Amino acid sequence: MISRFSLLAAALGAALLAAPARADDNTVTIGMILPMTGPQASTGKQERAGAELYIQQHGDTVAGKKIALVVKDDASAADVTKRLAEELIGNDHAAVLMGFGLTPLALAAAPVATEAKVPEIVTAAATAMITEKSPYIVRTSFTLPQASAPMAEWSLKNGIKKVVTIVADYGPGVDAEKWFSDTFEKGGGTVAEKIRVPLKNPDFAPFLQRVKDDAPDAVFVFVPSGQGAVFMKEFVERGLDKAGIKLIGTGDVTDDDLLADIGDSALGAVTAHHYSADHDSPENKAFVAAFEKANNGMRPNFMAVGGYDGMALVYQALEKTKGDASGDALLAAMKGMSWMSPRGPVSIDPETRDIVQNIYVRKVEKKDGALYNVEFATIPDVKDPYKAAKH
Ligand code: DHB
């Protein structure tokens, strides 16, 4: 016969097994949620390596607290992102959530961050409105309007009169299309056609045939990190380069992680973005060398810098709060924070919680046999124009 005591003991045992290992008060757990598998896996790989490099360089103790980085793979599925966010907070007692490889994934975690009052550091996703979805979201990546409006300004001044836009059909693509087109048209340019392609398994070829028939001066493109190689291959296969059509865009299409694969067909592409591995500063040279050393020669792209700076933000906030890792204390410390990133000087806008940073105009060129986005113009201290327009 089973005694009441053994039933109780069994129940207790089960409860203990289910009970999460509570991190002691001296540990600050950072839950990083990224696509580590699937089509956006390059984002996860770069982001994680960036965050880990920061810890490696700065030690795993800040203001007397031990930093524990826990990385989870959401495979780009928003329902998984949300569940992982809940588990990281509920089971692992994460004090900070970080990562978010695509806009829908950042949005899925927003209500969880708000409810738990835990900072959500968006280090990858880049649709402008993301930071409006929770007062606990802070961003270290960029926004598409931030890069797209300067690209239009440059085009207007450089003899480009007629453009066709091609964007991935979701949040950041819609932002890129709107902020490029509105700025370009306001300055007297013509947008002959605005084409949107599906985010998943895009086939650009039929659209590119249409673009060739439109005979614009340039094609403006936004595709998420990782898809640039496919786009460029089809751009060349359809003969758009030979037809004299320039390739312009945000820097996502000439992603540093992909340039070597894309090859010479990328030569001459002009893009506007916040980071190039070729950025000429002592901080960036040290960053690129350390990153390549730690990752078998892999070149860092803008996702790596997003992860590195996300970690820089958490470390500096913890120093400012003297180790207080409560969400509201960290948020207050992050607002207005400024530092020198490998990309150049950055700060967190205290009103919007978005990153303020230089946008660089770059051209793909060959340097010592390798392709780089070579920066040739700087627009300093750019705030997200979408939010600036609302204020
Ligand atoms: C987003 C994803 C990307 O890979 C990128 O380069 C820009 C934006 C996004 O989903 O927000």
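Because the structure is a prediction, the values reported are computed rather than measured. One-based numbering, in listed order, for ligands and for the atoms of each. Just so it is clear, the values below take in all heavy atoms, side chains as well, and ignore hydrogens, waters and symmetry mates.
- In this structure, Ser141 contributes its side chain and Ala125 its backbone to a donor-acceptor pair below 3.5 Å.
- Of all protein heavy atoms, the one closest to atom 5 (C) of ligand 1 is Asp252 OD2, 3.3 Å.
- Heavy-atom proximity to Met303, at under 4.0 Å, picks out these atoms of ligand 1: 3 (C), 4 (O), 5 (C), 6 (O).
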Is there a salt bridge (Lys or Arg N to Asp or Glu O under 4.0 Å) between Lys285 and Asp280 once you walk through the steps? CA-CA 7 Å; Lys285 284 192 168 38; Asp280 189 11; 2.9 Å; yes

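- Of the heavy atoms in Ser225, both backbone and side-chain atoms come closer than 4.0 Å to ligand 1.
- Under the 30°/60° scheme for interplanar angles, the aromatic rings of Phe287 and Phe291 are found to be tilted.
- Side-chain contact annotation: Tyr136 with Asp328, donor-acceptor N/O pair under 3.5 Å present.
- Nearest to atom 1 (C) of ligand 1 among the protein's heavy atoms is Tyr170 OH, 3.5 Å.
- Which parts of ligand 1 touch Leu102 is read off a 4.0 Å heavy-atom cut-off, strictly below it: atoms 2 (C), 9 (C), 10 (O).
- Residue Ala126 places at least one N or O, backbone or side chain, under 3.5 Å from an N or O of ligand 1.
- A distance-only check finds a donor-acceptor pair linking the side chain of Asn358 to the backbone of Asp381 [under 3.5 Å].
- With a 4.0 Å heavy-atom cut-off, ligand 1 is reached by the side chain of Phe222 but not by its N, CA, C or O.
- Those atoms of ligand 1 that come under 4.0 Å of a heavy atom in Pro224, given as number and element, are 2 (C), 3 (C), 4 (O), 5 (C), 6 (O).
- A salt bridge does not link Asp278 with Arg362: none of the charged nitrogens is closer than 4.0 Å to a carboxylate oxygen.
- Near Phe302, meaning under 4.0 Å from one of its heavy atoms, ligand 1 places the atoms 6 (O).
- Residue Ala125 approaches ligand 1 through these ligand atoms, each under 4.0 Å from one of its heavy atoms: 9 (C), 11 (O).
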One pair to check against salt bridge (Lys or Arg N to Asp or Glu O under 4.0 Å): Glu132 and Lys390. What are the steps and the verdict? CA-CA 12 Å; Glu132 294 175 337; Lys390 287 170 92 180; 2.8 Å; yes

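- Annotation: atom 11 (O) of ligand 1 to nearest protein heavy atom, Thr103 OG1, 2.5 Å.
- At least one heavy atom of Gly101 sits closer than 4.0 Å to an atom of ligand 1.
- Residue Arg299 is tested with Asp256, Asp257, Asp261 for a salt bridge (charged side-chain N to carboxylate O under 4.0 Å, His left out); the sole match is Asp256.
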